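These numbers were taken from a predicted model, which means no experiment stands behind them.
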Amino acid sequence: MIEAFPLRQIRNIGVIAHIDAGKTTVTERILYYTGRTYKIGGVDEGTAVMDWMDQERERGITITAAATTCYWLDHRINIIDTPGHVDFTAEVERSLRVLDGGVVVFDAVAGVQPQSETVWRQANKYHVPRVCFVNKMDRVGADLHRTIDMIGKVLGAKAIPVQLPLGEEKSFEGMVDLVERKSYRFSGDADTEPMEGEIPEECREQARKGRETLVEKLAEEDEPLMHAYLEGREIGAPEMKAALRRACLANRVVPVLCGSALGNKGIQMLLEAIVDYLPSPLDVPAVKGVEPETGAAVTRPPEDEAPFSALAFKVVTDPFVGRLVYLRVYSGRAEPGTKLLNAARDQKERLGRILRMHANNREEVDSISAGGIVAAIGLKNTLTGDTLCDPAAPILLEAIRFPNPVVSVAIEARTKADEDRIGEALMKLTEEDPTFETHYDGETGQTIVSGMGELHLEVILERMKREFRVDAKLGKPEVAYRETITEPAEAEGKFIKQFGGRGQYGHVAIEVEPGERGSGFSFASKIKAGAIPREYIPSVEAGVKEALQRGVLANYPLVDLKVTLRDGSYHEVDSSEVAFKMAGSIALKEGVRQAGPVLLEPIMKLEIFVPEQFLGEILADVDARRAQIEGVEVQGDMRVIHGLIPVGETFGYTTVLRSLSQGKATHSMEFHEYQVVPPPLMEQVIARIKGRVT
């Protein structure tokens, strides 16, 4: 049982960053300093509390977003530690959808990295206020000001330092607080309090200029502070913090702090910044949704007295308690046994036990209320993105959108016993992970699984073995191609069958035209004078959508096209929904054949960190892989290659890169866009697919 907590004193935050920037280490220190844990966990030692999965500890990376709760300065902080690897970007997406604020961790040496850009864009999409923590200030090559410049240039944010470092690289020992005008020194011992004092003489001029810059930049974004600045009035710490909070909540500025999580330096100041600058549920606009039946816009204020509304943002199969559904509660209050409405599926659900999570540990509570993040047992039909609400006041919140998988492989069980269990395991894993998809290919007799990358699918396979006791093997990775069209075309579809008595009659005329890359599919009807009765038009659209699942070149899904229903005809007796659905499907296939169909392949944004002596060999290798090199950047004695590369050319690349660089080079990738496959390769792919089917 946990007492009710004032909403003003709750912070729902996520820790987000590029892989290896130190997110989990920052979170582990936060838990230690807030008294949530009594021993500091380490990623390298495999003892991190938040990396609780065996695979996370073995690989030294975060795979699944883990939630926990801690307390600091009379505030409750609900934290989600997210993965940094691009293969697990869905975990970041769903976390940012339900969080109020974010701590973005940057590596002081590497600065803004590719996944930093990705998570920043995700946070922008959900208007999440952020503070930045520039980590690893004690490493050789650490540069706070360079990182801040990159945040401005690459991410387009107005980053304002509120601290300056005391010492550089190995001599880094603390920071100067420009708001409080104090210095903090750290011994490196986690149990020793920071030494608070005056700003050292040798830093005073730099601190004075830094504070002037802070006031000037903040005054540009905050009107009350602007008045004080123009009046020439002395601005104290409370007034400065209030202005920073207003500008941060409005997403006009991003306060930047620095430190070393591994060196136990600066975490207490970061916790204070979370409390001072990031929003409570009351600072976030009332959640918006629609009334399921009428589509009318409705809102829910963050109040316990308002009708209950919550978003399911994660589903997990727990080996001890079964199916867990993570909820972000936006309004209202509920207790175990409460009957709720799943507005997305129009089904009633009964709320079972309610748990507050600490990574994989559970603490039972007797109620949930506005602003809370909890896990619930007993919600049998609720999936990621569903809305749970009061049946008497239904609301449907915006669902979470996830990227499409880019890599596919065939999967098969090793034994007959595994074959019987593989279906259930795959079903549970697709429930948990919206970027993991599975389907049965009737033409090849194979079960196909799709994900965000090789590592993603490797982790899935290992989870099947450990958690579901299913031993399976994966085939070679396959590119998740798509098909699209390059020119407009018109086509007709007729479905006419006679079965003795009543027959089937459906006739449609459509126009297909290319859409913008990434636009998906759109359908419009321009039927006039009742050429087709209105009740059959949804059936035509359903038939078109069904036909999109298998293209005309190599059976890959069709994307990025517009379909307009222009004409048709019907029969008073024989026309039916089924007939018009079939006619729509036939017309779409015919239209696509005439519209210059092409294959699309996923293109990844590539970044390679390599010592200078290996640069030439690695550039030659990526060039041979059809990569487009966009530039080479100098970072100390390292070179950073920026480019775009087809995903099909990246399979097994980690091993090749290590071989070419004696294990000294590293790389990262993220999905960029789909591009047209070059004609010679397109012919090879089509021939291979057709050969496999026949």
Side-chain angles (χ1 to χ4, degrees), residues 2 4-14 67 69 76-78 80 93-102 123 125-129 249-251 278-315 325-352 354 356 365-376 378-379 381-401:
I2 292 184
F5 214 83
L7 279 172
R8 182 64 65 190
Q9 290 163 239
I10 292 177
R11 300 289 183 270
N12 292 316
I13 68 160
T69 300
R76 176 193 288 166
I77 305 175
N78 297 319
I80 295 182
E93 187 79 25
R94 60 169 140 212
S95 299
L96 286 170
R97 171 68 175 80
V98 299
L99 292 171
D100 301 328
K125 181 166 73 173
Y126 296 117
H127 309 292
V128 176
L249 296 188
N251 272 311
L278 292 182
S280 74
L282 293 175
D283 297 312
V284 178
V287 67
K288 296 178 181 178
V290 296
E291 210 283 332
E293 289 194 7
T294 65
V298 285
T299 58
R300 291 286 182 270
E303 299 169 357
D304 289 352
E305 297 74 28
F308 184 83
S309 67
L311 187 73
F313 68 94
K314 186 177 172 75
V315 176
V325 179
Y326 282 72
L327 301 174
R328 162 65 200 265
V329 183
Y330 286 100
S331 64
R333 192 177 182 85
E335 299 172 352
T338 302
K339 289 184 178 177
L340 300 172
L341 172 68
N342 183 329
R345 303 180 188 283
D346 194 25
Q347 292 180 326
K348 295 286 179 67
E349 290 270 43
R350 183 180 177 277
L351 192 62
I354 304 169
R356 195 175 298 285
V365 296
D366 59 3
S367 66
I368 49 176
S369 55
I373 292 178
V374 295
L379 303 173
N381 302 308
T382 299
L383 299 176
T384 298
D386 288 357
T387 303
L388 292 171
C389 59
D390 184 338
I395 183 174
L396 181 61
L397 305 177
E398 183 183 354
I400 310 170
R401 292 185 175 86

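Counting all heavy atoms, side chain and backbone alike, Pro301 lies closest to Ala286 at CA-CB, 3.9 Å. Nearest heavy atom pair, residue Ala123 against residue Leu96, reads N-CD1, 3.6 Å. The heavy-atom pair separating Arg300 from Ser331 by the smallest distance is CB-OG, 3.4 Å. Shown here for Pro281 and Gly371, the closest heavy-atom pair between the two residues is CG-CA, 3.8 Å.
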| Step-by-step side chain to side chain contact (heavy atoms under 4.5 Å, CB included) determination, Glu303 to Leu282 | CA-CA 9 Å; Glu303 299 169 357; Leu282 293 175; 5.7 Å; no

| request: Check the pair Ile368 / Phe308 against side chain to side chain contact (heavy atoms under 4.5 Å, CB included), numbers first and verdict last. | output: CA-CA 10 Å; Ile368 49 176; Phe308 184 83; 3.8 Å; yes

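Counted by atom type alone, Arg76 and Thr69 present zero donor-acceptor pairs between their side chains at under 3.5 Å.
Atoms CG and OG, from Asp304 and Ser367 in turn, are 8.5 Å apart once rounded to the nearest 0.5 Å. Taking CG of Asp366 as the reference point, atom CD of Glu335 lies at 7.0 Å (rounded to 0.5 Å).
Evaluation of the side chain to side chain donor-acceptor pair (under 3.5 Å) rule for Gln9 yields no partner, not counting sequence neighbours. Under the rule for a side chain to side chain donor-acceptor pair (under 3.5 Å), Arg11 has no partner lying at least two apart in sequence or in another chain. Checked against side chain to side chain contact (heavy atoms under 4.5 Å, CB included), Asp346 has the following partners two or more places apart in sequence or in another chain: Leu341. The side chain to side chain contact (heavy atoms under 4.5 Å, CB included) search around Val98 returns Leu311, Phe313, Arg328, Tyr330, not counting sequence neighbours. Listed by chain and residue number, nothing satisfies the side chain to side chain donor-acceptor pair (under 3.5 Å) test with Gln347 (two or more places apart in sequence, or in another chain).
More than 12 non-hydrogen atoms from other residues, nucleotides or ligands lie less than 6.0 angstrom from NZ of Lys125.
Partner Leu327 forms a side-chain contact (heavy atoms from CB on, under 4.5 Å) with one of Leu379, Ile373, Ile354 and no other, that one being Leu379.
Counting only distance, with no hydrogens or angles, the side chain of Arg97 and the backbone of Glu398 share a donor-acceptor pair below 3.5 Å.
Side-chain atoms of Leu278 and Asp100, non-hydrogen and from C-beta on, never get closer than 4.5 Å to each other. Side-chain contact between Val284 and Asn12: absent, with no pair of heavy atoms (C-beta onward) separated by less than 4.5 Å.
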Just list the side-chain donor-acceptor pairs under 3.5 Å for residues 385-396, sequence neighbours left out, or say none.
residue : atom : partner : partner atom : Å
Asp386  : OD1  : Arg345  : NH2          : 3.4
Asp386  : OD2  : Asn342  : ND2          : 3.1
Asp386  : OD2  : Arg345  : NE           : 2.6
Asp386  : OD2  : Leu383  : N            : 2.9
Thr387  : OG1  : Leu397  : N            : 2.9
Asp390  : OD1  : Ala392  : N            : 2.9

